[in-house]
Each structure stands twice: as C-alpha cells, then as structure tokens.
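Positions are given from 1, in the same order as the sequence printed here. Atom set for the values below is all heavy atoms of this structure, side chains included, hydrogens, waters and symmetry mates excluded.
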Amino acid sequence: MITRKRLTTGVGITLATLAAGLGTAIPAAADEAPAAPSPKVELVLDVSGSMRTRDIDGQSRMAAAKQAFNDVLDAVPEQVQLGIRTLGADYPGEDRKVGCKDTRQLYPVGPLDRTEAKTAVATLAPTGFTPIGPALLGAADDLEGGDGSRRIVLITDGEDTCGPLDPCEVAREIAARGTHLVVDTLGLVPNAKIRRQLTCIAEATGGTYTAVQHKEELSGRVKQLVDRAAEPVVTPVATEGAASCSGAPELKPGLFTDRSEIGQHRWYRVDVLPGQELRASASVAADRAVDNDYGVLLRAVTVHGREIVRGSEAGTGRTDVISSGLRYPKPEVDDGDDGDGKPAAETVCLQLAHSFSAPASVKRSPGLPVELTVDLVDGPDNASDVAAFGLGRGWWLLGVLVLTGLVAGLLTGWISRWRIAVWRTN
C-alpha cells in the first residue's frame, strides 16, 4: 500500500512538472516573432537567336550567360525563392505572331534545388525572337502572392522585336499594380537604342540598368541584385490621394506610393498632436519623356484652406526625380482636449502638385510615380525655433558670430585710429 502511494505521488509530481513545462512553453512559442516573408526573384533570360554572337570574352553571349547563371545559383541566399523564365527559347520559325508568344517559366519560383535549376539552364540554346514585353508580364504573374519583396532581373542582348507591345509601357503597367515589383535590366550590347529601352523599363519600376560586357561583370551584378532582394527593406504602402482634402486618405508615419497624372493635384491628411512635429517629403519621377523645366510643390494647409508651410523645388531636365519637403512643429497647448483628457489633434492637409508637361503623344495614364514619406516626431521646445530663419535651434550661434564680428571691428578701428594719432604726435 505504501509503495502504491509513493508511486502515485511520483506520477502526480511528474505530470505536474510536465504540465508546468507545457504551460510555460506554449506562451513562449506564441511570443516568438513571425518569420519574415521570403523575398522572390525571377531571372528572365533572353535566348533569342542573337545570343549566338561570340563577343563576350571570346565566348558566345549564351555561354557567358549560362556560366553566370551557374555562379549565381551557387550563391543564392537560403531565404530567397528563385525562379527562371526564358524568352525566345523554343520557337525556331519565322512566324512573328507565334514567335512573339515564345516565353515560358523554365524553373518555378520557390525553394531552390541548385542541381535541377542548373540542369534546366544547360539545355538552353539560342533560338527565336525577343518578346521582352510578354516575358515581363509572365514574370510578374510568376511572382504574385506573399508579402515579401519581388524582383525581376532581365538579361538580354537586344531590344524587343515584338511591337507594338512596348516593354516600357508593360513596365509602367506592372508598376501601376501597386505590388512594388522591381525590374532590373542588364544589357549585353552597348547600343544606345537598347540602353534607352532597358533604362526605361528599369526606371518605371524603381530598378536599375547595367551594361555588361564581361562574364565576371555579369555574374557579379546578378549576384548583387539577388542578394539585394534578401536585404530587409521598407516596403512602401500603396495609397490613392484625393482631389480635395475632405476625401483624402489619412496617413500614419511611413512610406507611401501613389500615381499623379500631369496637371493633377493629390491630397492627403495627417493628424498632428500638440508637441509633435510633422515632417513630410514627396518625390515625383519622370518615367517617360517630359518637357524640360518642371517643379514639385508640397503644401501643408488647414482643413479650412489656410496655408501653414510649403516646400518647393524646380528642375531643368538634368534629373529624372525631383523632391521637396516640409516641417511643421505644432506647439504644446495647456487646454483644448477632446473631452477624454487627451489633447486634440489637428488635421493637416498635404497637397502635392507638380508642373511636369509632356508632348501630346506621351501617355498620361498611369500617372507619374510618387513616393511620399510622413513622420511625426517630438517637437522642439519652442515651435518657432524650426521656422526662425530656417536655422532651427542654431540661430543663437549666428547671433554670437555677428556680435563677435561687430566687437572685433570696433576694436580694430579704435586701435587703428589710436596708432595713427600716436604717429602724428611723434
């Protein structure tokens, strides 16, 4: 009987210990931060007939691209989901209608099996047309889903041969979807026309264009772009400004993207508490051919239309992006809360306007890319400090320097006159 009681007691203690362990383990697991979403990258390779040309370090363009792919596949970070799409790889005929549909996914976007991916690349041979536009649309569809960053890396040796589907317009359409998909382009031929097209594709999505003429350059650049996809980045939130402040979206601190057509004003709203300082900036990119001489204006106004502060900047065609910003410190107040003990926030309306113009042949839609940054920080001790002469709290230093210069000037003049008087006396 005593043995049974001891056994029962021992089992009870063991079960209680296990239960306590599980009780502490479950909340601990619940407190763990969720895993970061996996970034997605798709390499889009031109396999058209011109890739047979032997002008890259004594090898054909296709051979150099295959070697670069093998190097890249060996170095892909574990967290990156990678896929491969081809264009011009399968149809050897002369029928343009058929050849301009020649794009397919060679390796699906997902966890990488390096051996399988290398085997798929090894089977490629230069074949057909150069349908860049359809390939970009296909790649954008391949990368749909998930919350991680998305990047297309296009490697080609020529411009699209499948008009009228303009690859630059396709890139703008992709950017207008609001999925924050970036297209980087690499050109294997230093041709001005090709460079313009690939640059347009990249700039429309916030990507980069690079001209490469050596195997090492190609491998290194593609590795760099794949690694960049794995780096933590702030993903902009897509928003849509309104035609007036009353219907404008309310923005919290963060990074936002929008589109603004030529001649269009966009409005946004931000609530600013007493003691806070609103800091806002806006950038508008010229992702298409525009006229020289343009500007951007960002205004902060009250809900009744009174201007609080503005920031503006002008350009003359030497840059594709123009930015402006503003700061508005709202002073502390002793009274005036919203009834529950909290200070009442002021609704500040942000108006974004730009003076881009373009020839009638240039498409107006989708609008020009806009990036808007909003931040709310603790305001200065004296709200007027920031606006005073644009010097912030450093105005006193300027005063000291002015006073010092004045005193030094007076002393120098007095000493000079005294020396002259002494000289005349002697």
Side-chain angles (χ1 to χ4, degrees), residues 39-78 80-90 102-107 109 112-132 135-136 139 151-161 167 182-202 207-231:
K40 295 181 178 181
V41 179
E42 183 147 85
L43 306 179
V44 179
L45 179 60
D46 181 355
V47 196
S48 60
S50 58
M51 290 289 283
R52 301 189 190 95
T53 307
R54 303 178 65 87
D55 59 358
I56 298 184
D57 298 334
Q59 292 184 324
S60 69
R61 298 169 186 172
M62 192 72 244
K66 286 183 177 181
Q67 182 174 332
F69 266 52
N70 286 336
D71 294 341
V72 171
L73 292 173
D74 284 333
V76 173
E78 291 297 329
V80 173
Q81 296 188 25
L82 186 132
I84 303 172
R85 174 172 282 273
T86 62
L87 59 97
D90 300 315
D102 183 10
T103 177
R104 66 183 173 93
Q105 192 175 40
L106 183 70
Y107 186 84
V109 178
L112 181 63
D113 183 324
R114 289 174 169 78
T115 302
E116 185 178 343
K118 287 182 179 180
T119 302
V121 171
T123 63
L124 298 175
T127 304
F129 289 81
T130 313
I132 294 177
L136 291 177
R151 186 175 294 269
I152 295 173
V153 181
L154 170 66
I155 302 104
T156 180
D157 69 338
E159 62 178 327
D160 185 277
T161 58
V182 175
V183 181
D184 296 292
T185 58
L186 288 85
L188 305 182
V189 177
N191 176 284
K193 191 174 181 180
I194 295 171
R195 182 179 68 250
R196 283 195 299 270
Q197 185 176 83
L198 296 182
T199 299
C200 181
I201 293 171
T208 59
Y209 161 74
T210 307
V212 292
Q213 294 179 270
H214 300 282
K215 291 183 295 184
E216 292 77 11
E217 292 176 347
L218 181 59
S219 298
R221 183 57 176 160
V222 178
K223 284 181 185 177
Q224 185 182 52
L225 294 172
V226 174
D227 290 342
R228 185 177 296 174
E231 296 173 354

From [atom1] ([X]) to [atom2] ([Y]), nearest 0.5 Å:
{"X": "I132", "Y": "E159", "atom1": "CD1", "atom2": "CD", "value": "8.0 Å"}
{"X": "L186", "Y": "L188", "atom1": "CG", "atom2": "CG", "value": "7.5 Å"}
{"X": "L154", "Y": "L87", "atom1": "CG", "atom2": "CG", "value": "7.0 Å"}
{"X": "F69", "Y": "I84", "atom1": "CZ", "atom2": "CD1", "value": "5.5 Å"}
{"X": "I201", "Y": "T156", "atom1": "CD1", "atom2": "OG1", "value": "8.5 Å"}

If you take all heavy atoms of [X] and [Y], which pair is closest and at what distance?
{"X": "L45", "Y": "A65", "value": "CD1-CB, 3.8 Å"}
{"X": "S50", "Y": "D157", "value": "OG-OD2, 2.7 Å"}
{"X": "S219", "Y": "D71", "value": "OG-OD2, 3.2 Å"}
{"X": "A89", "Y": "T127", "value": "O-OG1, 3.2 Å"}
{"X": "A230", "Y": "P39", "value": "CA-CG, 3.9 Å"}
{"X": "Y107", "Y": "E42", "value": "O-OE2, 4.3 Å"}

Could you tell me whether the side chain of [X] and the main chain of [Y] form a donor-acceptor pair under 3.5 Å?
{"X": "R151", "Y": "V41", "result": "no"}
{"X": "T103", "Y": "T86", "result": "yes"}
{"X": "T123", "Y": "A120", "result": "yes"}
{"X": "Y209", "Y": "Q197", "result": "no"}
{"X": "K66", "Y": "A122", "result": "yes"}
{"X": "S48", "Y": "T130", "result": "no"}
{"X": "T115", "Y": "D113", "result": "no"}
{"X": "D57", "Y": "Q59", "result": "no"}
{"X": "D160", "Y": "P167", "result": "no"}

Next item on the list: Using a 4.5 Å cut-off on heavy atoms from C-beta on, say whether the side chain of L82 contacts that of L43.
Entry: yes
Notebook entry, point to check: Do M51 and L124 come within less than 4.5 Å of each other through their side chains, counting heavy atoms only?
Noted result: no
Item checked: Residues R61 and D55 bridged, charged N to O under 4.0 Å -> yes
Item checked: Residues D74 and K118 bridged, charged N to O under 4.0 Å -> yes
Item checked: CA sep, side-chain torsions, deciding dist, call: L112, V80, side-chain contact (heavy atoms from CB on, under 4.5 Å) -> CA-CA 8 Å; L112 181 63; V80 173; over 6 Å; no
Please identify each residue that fulfils salt bridge (charged side-chain N to carboxylate O under 4.0 Å, His left out) with [X], with sequence neighbours left out.
{"X": "R195", "result": "none"}
{"X": "E217", "result": "none"}
{"X": "D46", "result": "none"}

How would you list, by chain and number, every residue that makes a side-chain contact (heavy atoms from CB on, under 4.5 Å) with [X], sequence neighbours excluded?
{"X": "D227", "value": "P77"}
{"X": "D102", "value": "D90, Y91"}
{"X": "S60", "value": "R54, M62, A63"}

Checklist line | Verdict with supporting geometry, I155 and T185, side-chain contact (heavy atoms from CB on, under 4.5 Å) | finding: CA-CA 6 Å; I155 302 104; T185 58; over 6 Å; no
Next item on the list: Begin from the C-alpha positions of T208 and L225 and carry the test side-chain contact (heavy atoms from CB on, under 4.5 Å) through to its verdict.
Entry: CA-CA 9 Å; T208 59; L225 294 172; 4.1 Å; yes
Note to self: Please determine whether side-chain contact (heavy atoms from CB on, under 4.5 Å) holds for the pair R85 and I152, giving the CA-CA distance in whole Å, both sets of side-chain angles, and the decisive distance to 0.1 Å.
What the structure shows: CA-CA 10 Å; R85 174 172 282 273; I152 295 173; over 6 Å; no
